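Shown next, in structure tokens, is the structure this report addresses.
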Protein chains: 2
Amino acid sequence: MSHTLGIRQAQKQKTRQAFLDAALALLEEQSLSSLGLREVTRAVGVAPTAFYRHFRSTADLGVALVDEALGSLHPMVRTTVSTAGGSEERIVRAIDLISHHVDTHPAHVRFIARERHGGVQPVREAIRAQLERFAEEVKAELAKDPQAAGWNDDDLLMLAHLYVDQMLITASLFLEAQEAPAEERQRVTRLARRQLRLITVGRSHWLD
Amino acid sequence: MSHTLGIRQAQKQKTRQAFLDAALALLEEQSLSSLGLREVTRAVGVAPTAFYRHFRSTADLGVALVDEALGSLHPMVRTTVSTAGGSEERIVRAIDLISHHVDTHPAHVRFIARERHGGVQPVREAIRAQLERFAEEVKAELAKDPQAAGWNDDDLLMLAHLYVDQMLITASLFLEAQEAPAEERQRVTRLARRQLRLITVGRSHWLD
DNA sequence: AATTCCAGAGAACAGTTGTTAACTGGATGA
DNA sequence: TCATCCAGTTAACAACTGTTCTCTGGAATT
């Protein structure tokens, strides 16, 4: 199926990835709308004009970063929501999973939080579309749960969005607490768990 | 109490406000970290150097914008949460209030949503501090409610943060739907109401 | 009336930006 | 083997950036 790339294509992809990595690093201290093309090429160690061989603009690069940051996350979300076990057990596991993901991919998380409402329209749209996909997937998993009996589609999607937004809020909190002492990070963990718990309580009494 | 300003101070404040207004307008299509000092002075119609008479940097201007956007909002939040009436009635009124505020101050709302996780640290910190104040105020109002009997302080603050974050999410949704047809805006209204309802249901069964 | 103050103007600085055109040299395919 | 392709280079462009220093003219103070 997958044809082995020639030396040429392989080198091109390698450079492209170097662009993405360099940009992500530079974006820890600024927004995409202020990221300069020359700034990125300088960080990669390549001529400014080389940029155009891979991206039309920095906005284009941003959209590629959205795919890198969120594209591979769908399986994880799907299984997290659907995993069997008691509801308390699932809450703890979900928060731990977010915490772990922030630890291993802080720059990706920062990028998404920053550019979700950022100044570059195509990037906002790309993030919005990915989050909509997450919501649809969460909804599909929720629908499988016996607890979903009697729920209409609109309410399921409403709940799914609530979960997705809460996921992002939690990730952002972990990110802010990243350099903080362990006790602060533990405080965030407990807060996130209780918020998720409250939503879950609301869910289980929704039909009353 | 308030001493009438001299011609000089009055003119200075006028120019300062012109800076804030011009910046806010420019920030509808970009982030603060890419806002240039000359760009702002050009929009105001004043020499670049005049900027330094009012702000040290664009970050400084950003912090001033945070105060303008959120500083005067505290009374509104306070009364909204505390207003008497049935819970369903209060939910409808809260969402309507947010919707109205987004209609009347779209640029302010956009600015806060954009810079909350934006690339300028002092501005992020200023927004964080204001939102923390909101949460404390909401918590204080919640504590007055008879429903809060048996709640500990941590859980009250947890719920207050949930409300504040939800308020921002809703405002952002209204903003995105601003140019959309009326039916889309109505859809957002209903979604926001139901999410608030679900949180309220969770709240009323929290102690079970 | 004379003096001080200070918001804003003007000019100049060294650096930066995105984009263009024409090029080089190694991988690719006939 | 030889012609084609194309990722990356080099050079140059006009336009823009933040910041400094010096100056001005009207308001504020004495």
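Being a predicted model, the structure only gives us computed values, none of them experimental. Here is how names work: the chains are called A, B, and so on, in the same order as the sequence lines, proteins then strands, and each is numbered from 1.
Among dG8(D), dT28(C), dG8(C), the nucleotide with an atom closest to any side-chain atom of Ile7(A) is dT28(C). Distances from the side chain of Ala50(A) to the nucleotides dA27(C), dT9(D), dG18(C) place dT9(D) closest. The side chain of Arg53(B) has dG8(C) as its nearest neighbour among dG8(D), dG8(C), dA12(D).
If you measure from atom NZ of Lys14(A) to atom P of dA27(C), you get 13 Å, rounded to the nearest angstrom. Rounded to whole Å, atom C1' of dG8(D) lies 14 Å from atom CD of Gln9(A). Atom CZ of Phe51(A) is separated from atom P of dT17(C) by 13 Å (rounded to the nearest Å). Leu37(B) has its CG atom 16 Å from the C1' atom of dG15(C), to the nearest Å. In this structure, the CZ atom of Arg38(A) is 13 Å from the P atom of dT9(D), given to the nearest Å. If you take NE2 of His54(A) and C1' of dT9(D), they are 13 Å apart, rounded to a whole angstrom. Atom CD of Gln11(B) and atom P of dG26(D) are 13 Å apart (whole Å). To the nearest angstrom, P of dT9(D) lies 15 Å from OH of Tyr52(A).
A sub-4.0 Å separation between OP1 or OP2 of dG8(C) and a side-chain N or O of Thr15(B) is present.
Sequence order on DNA chain D of the closest nucleotides to Arg56(B) and Gly45(A) puts Gly45(A) first from the 5' end. Residue Lys12(A) is the one, among Lys12(A) and Ser57(B), whose nearest nucleotide of DNA chain D lies closer to the 5' end (criterion: closest heavy atom). For the pair Pro48(B) and Gly36(A), both in contact range of DNA chain C, the more 5′-proximal nearest nucleotide belongs to Pro48(B).
Judged by distance alone with a 3.5 Å cut-off, a donor-acceptor contact links the side chain of Arg8(A) to the base of dC6(D). Between the base of dT16(C) and the side chain of Arg42(A) there is no donor-acceptor pair shorter than 3.5 Å. At a cut-off of 3.5 angstrom, the base of dT10(D) holds at least one donor-acceptor pair with the side chain of Thr49(A).
Glu39(A) and Gln30(A) share a side-chain donor-acceptor pair at under 3.5 Å. Counted by atom type alone, His74(B) and Glu137(B) present one or more donor-acceptor pairs between their side chains at under 3.5 Å. Under 3.5 Å, the side chains of Ser34(B) and Ser34(A) contain no donor-acceptor pair of N or O atoms.
For the pair Thr170(B) (side chain) and Gln166(B) (backbone), a donor-acceptor distance under 3.5 Å is present.
Other residues, nucleotides and ligands place more than 12 heavy atoms under 6.0 Å from the CD atom of Glu125(A).
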